[in-house]
Amino acid sequence: MIAADYLKRIAAWSRELNERELEIARAGIVEKSYRADEFIFMRGDRFDYWTGVVTGLARMGIVSRGGKATSFAGLTSGAWFGEGSVLKKEPRRYDVVALRDTRLAMMDRNTFFWLFENSVGFNRFLVGQLNERLGQFIGLLEYGRTLDATARLARSIASLFNPILYPDLTMHLEITQEEIGALSGISRQNANQCLKRLEKQGLLRLEYGGVTIVDLERLRHYGE
DNA sequence: ACATTAAATTCGA
DNA sequence: TCGAATTTAATGT
């Protein structure tokens, strides 16, 4: 079983729980590792786990028969996802792929429902999370059509800094340009061009193997 | 696709 | 255990 202080470190919601709830949560979570490019879930799967990213990076999206990927969201450490499929007891409607070696924490369905029915703190967190995700998906509606590559990339990055979905406070992100490209649905070379444009405009700073966000608000509304 | 540069790893003392 | 040398990974054009 995972340690209580460890759980508090990897899951923001666990800090809202009382002692008893925390014990139940700990007992219902297992960890699992995935290699880069490995599928974590496939559309249609029926594994009912509520899942958190401990370390690594994954992409939530769908891949069409042609093999081209549309991504809904990037998942960095601290992100928890899959509550929709667990709550509605439905097959998953999207794929999740690890973009690099990734460690996940997975909570089984029974534990999830116990917390759902018994813990006020847990529900408070869930409502906030669902609301944020709704906002993110609404933002996606204009995403594909209206926005050019630079704007799409800007928003992909900005969405990784949603403080509710990704409680990490630091404005620095360890992510390669290739990974940013994979998240935004553009080539690495194009991603490089877009990133440099954003850097020139003072929205972010490029470093080797990572970026630092300078102006999150402008990044979030880029191209409006 | 290729050239450059940063980082990680290996190796010898 | 330190640092130089080599290999691997990321970036820029």
Side-chain angles (χ1 to χ4, degrees), chain A residues 6 9-10 31-42 51-79 81 94-105 136 139-140 143-144 146-163 165-224:
Chain A
Y6 178 69
R9 209 155 48 71
I10 65 170
E31 283 202 286
K32 203 163 180 325
S33 291
Y34 291 84
R35 310 287 240 62
D37 293 329
E38 204 175 338
F39 271 83
I40 295 165
F41 297 117
M42 297 241 274
T51 308
V53 179
V54 179
T55 60
L57 178 68
R59 191 191 66 226
M60 180 189 290
I62 50 175
V63 305
S64 64
R65 293 137 310 233
K68 50 184 173 229
T70 312
S71 94
F72 295 156
L75 302 164
T76 54
S77 51
F81 61 95
Y94 48 79
D95 305 307
V96 179
V97 185
L99 293 180
R100 66 169 90 124
D101 290 1
T102 296
R103 170 164 285 272
L104 298 179
Q136 201 169 56
L140 274 176
Y143 193 94
T146 15
L147 300 177
D148 67 1
T150 308
R152 293 199 303 167
L153 180 139
R155 291 183 180 212
S156 299
I157 295 174
S159 73
L160 293 179
F161 282 94
N162 182 317
L165 263 24
Y166 311 105
D168 204 346
L169 311 159
T170 163
M171 286 292 104
H172 180 259
L173 191 60
E174 294 250 321
I175 187 172
T176 68
Q177 299 183 359
E178 184 158 20
E179 289 167 333
I180 291 173
L183 282 179
S184 317
I186 60 187
S187 71
R188 181 190 72 75
Q189 305 176 0
N190 208 343
N192 178 256
Q193 293 303 114
C194 296
L195 284 165
K196 297 192 71 174
R197 197 168 306 137
L198 294 173
E199 182 178 46
K200 207 163 285 173
Q201 294 173 33
L203 303 199
L204 50 75
R205 212 158 348 117
L206 289 178
E207 290 125 30
Y208 188 86
V211 296
T212 299
I213 284 14
V214 175
D215 189 337
L216 181 55
E217 275 316 299
R218 281 213 286 149
L219 202 58
R220 187 164 278 147
H221 300 117
Y222 191 92
E224 272 178 10

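Please read all numbers here as calculations on a predicted model, not as lab measurements. Just so it is clear, the values below take in all heavy atoms, side chains as well, and ignore hydrogens, waters and symmetry mates.
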Just jot down the side-chain hydrogen bond (donor to acceptor under 3.5 Å, both in side chains) partners of [X], sequence neighbours excluded, or say none.
| X | value |
| --- | --- |
| A:S77 | none |
| A:Q201 | A:Y222 |
| A:R205 | none |
| A:R103 | A:E31, A:S33 |

My understanding is that only residues two or more places apart in sequence, or in another chain, count here; which of them pass side chain to side chain contact (heavy atoms under 4.5 Å, CB included) with A:D101?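 Scan of A:D101 (side chain to side chain contact (heavy atoms under 4.5 Å, CB included), adjacent residues dropped) gives A:R35, A:A36.
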Using the test salt bridge (Lys or Arg N to Asp or Glu O under 4.0 Å), find all partners of A:E179 that sit at least two apart in sequence or belong to another chain. A:R100
List for me each residue that meets salt bridge (Lys or Arg N to Asp or Glu O under 4.0 Å) alongside A:R218, sequence neighbours excluded, and say none if there are none. A:D215
Using a 4.0 Å heavy-atom cut-off, write out nucleotides 7-13 of chain C from 5' to 3' as B (base contacted by protein), S (sugar-phosphate only) or - (no contact). --BSBBB
Terminal contacting nucleotides, 5' and 3', DNA chain B versus chain A (heavy atom, 4.0 Å):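 The contact span of chain A on DNA chain B goes from B:dA1 to B:dA7.
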